[in-house]
Amino acid sequence: NELLNVTTMSGIANTGSVSFGNVHNSVTALGSLSIGSGFTFADSIALTIANTLSAGPVSLTAPNITIPGTITTGGSTASSVTLVANAGTISGAGVIATGSLTGTAVTSVNLPGANQIGTLGPFSGSALTLNDGAALSISNTVSAGGSVALSSGGLLTVGNGQTVTGSGVSLTGAGVELDGKVSAGGGTLSLIGGSGTISESGTLIAGTLTGSSAASVSLLGTAAATN
């Protein structure tokens with residue numbers, strides 16, 4: 001079945017999961033939605049999260065996804081959100097509160113809101129900007145053909161075996177810990193540690209390295225040629 005020509009979809013399902021996975025759905029906005037378990041939704045037109053979507057896990061697919069509202073799976077340690085913009089952008093100054101955020105956009109990703117996200121990745125787009133109020137760990141690969149700018153209100157960690165790649169990369173946190181690979185190609189890599197330390201035992205690749213920290217900086221990567 002299809003949901004056709006719907007302006008705003010709202011509702012409550014106290015138990016169980018809800019799935020509207022038909023890619024021919026045409027729903028302009030998701031309003032107030034409270035789902036007891038998982039929520040899966042696919043749309044054929046641009047989708048706006050206009051109010052609060054509460055479920056876990058959440059999976060959304062649409063040509064463009066705009067988030068002025070809130071998506072919550074219970075906070076930065078609970079469940080996951082997957083966002084797929086299969087023709088354009090993922091954007092909006094609303095809030096995503098989830099344990100794990102994954103996804104992809106054909107063009108840019110810009111999420112500057114007061115997000116609360118535990119882990120990020122895999123995630124990709126033509127450019128990627130994310131603000132996070134919680135400590136943020138990179139999982140798998142976060143990549144963009146253009147710039148990547150990630151900001152965390154806590155410790156920002158790129159773990160061993162994990163990767164951040166862009167034509168320019170900016171990583172900001174209350175401490176930055178890099179045990180994986182961060183590549184800005186021939187562009188600029190900026191590391192801002194705030195009140196915390198900057199430590200690195202992985203690999204940094206950049207044309208220019210800039211940064212600051214109120215505490216110590218230790219760049220001891222294993223590959224001196226690329227550090």
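We use all heavy atoms of the structure for the numbers below, so side chains are in, but hydrogens, waters and symmetry mates are not.
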For [X] against [Y], the heavy-atom pair lying closest together:
X    : Y    : value
I49  : P68  : O-CD, 3.1 Å
A55  : G38  : CB-C, 4.5 Å
T197 : A215 : CG2-CB, 3.7 Å
A134 : Q116 : CB-OE1, 3.6 Å
S195 : A214 : CA-CB, 4.0 Å
S147 : A144 : O-CB, 3.8 Å

* To do: Take L150 and I138 through the side-chain contact (heavy atoms from CB on, under 4.5 Å) test and state the conclusion after the steps.
  => CA-CA 10 Å; L150 306 177; I138 302 306; 3.7 Å; yes

Look at the side chain of [X] and the backbone N and O of [Y], then say whether any donor-acceptor pair between them is shorter than 3.5 Å.
X    : Y    : answer
T66  : S91  : no
S213 : G196 : yes
T72  : G74  : yes
E2   : L4   : no
T89  : S108 : no
N160 : G180 : no
E177 : T157 : no
S190 : S170 : no
S37  : S17  : no

Side chains of [X] and [Y] in contact at under 4.5 Å (non-hydrogen atoms):
X    : Y    : value
V176 : I192 : no
L30  : L60  : yes
F41  : N25  : yes
L191 : L209 : yes
I71  : L83  : yes
L3   : M9   : yes
V182 : T203 : no
L53  : N51  : no

Hphob cluster co-occupancy, [X] + [Y], side-chain heavy atoms under 4.5 angstrom:
X    : Y    : value
V217 : L189 : yes
V109 : V106 : no
V6   : F20  : yes
I67  : L33  : yes

What's the separation between atom [atom1] in [X] and atom [atom2] in [Y], rounded to the nearest 0.5 Å?
X    : Y    : atom1 : atom2 : answer
L156 : S151 : CG    : OG    : 8.0 Å
S139 : L101 : OG    : CG    : 11.0 Å
I117 : L111 : CD1   : CG    : 7.0 Å
F123 : L128 : CZ    : CG    : 6.0 Å
K181 : T141 : NZ    : OG1   : 9.5 Å
I90  : N64  : CD1   : CG    : 9.0 Å

Using the side chain to side chain contact (heavy atoms under 4.5 Å, CB included) definition, which of the options [options] pairs with [X]?
X    : options          : answer
I35  : V18, T15, I12    : V18
S152 : N115, L136, T172 : L136
V158 : T163, V164, V142 : V164

Does any donor atom in the side chain of [X] or [Y] lie under 3.5 Å from an acceptor atom in the other side chain?
X    : Y    : answer
D179 : S201 : yes
T104 : S124 : yes
T82  : T102 : yes

- Going through the checks in order, is the side-chain contact (heavy atoms from CB on, under 4.5 Å) test met by T165 and I205? CA-CA 9 Å; T165 303; I205 300 173; over 6 Å; no

Q: Assess whether side chain to side chain donor-acceptor pair (under 3.5 Å) is satisfied between T73 and T98, documenting all intermediate values.
A: CA-CA 5 Å; T73 63; T98 189; 2.8 Å; yes

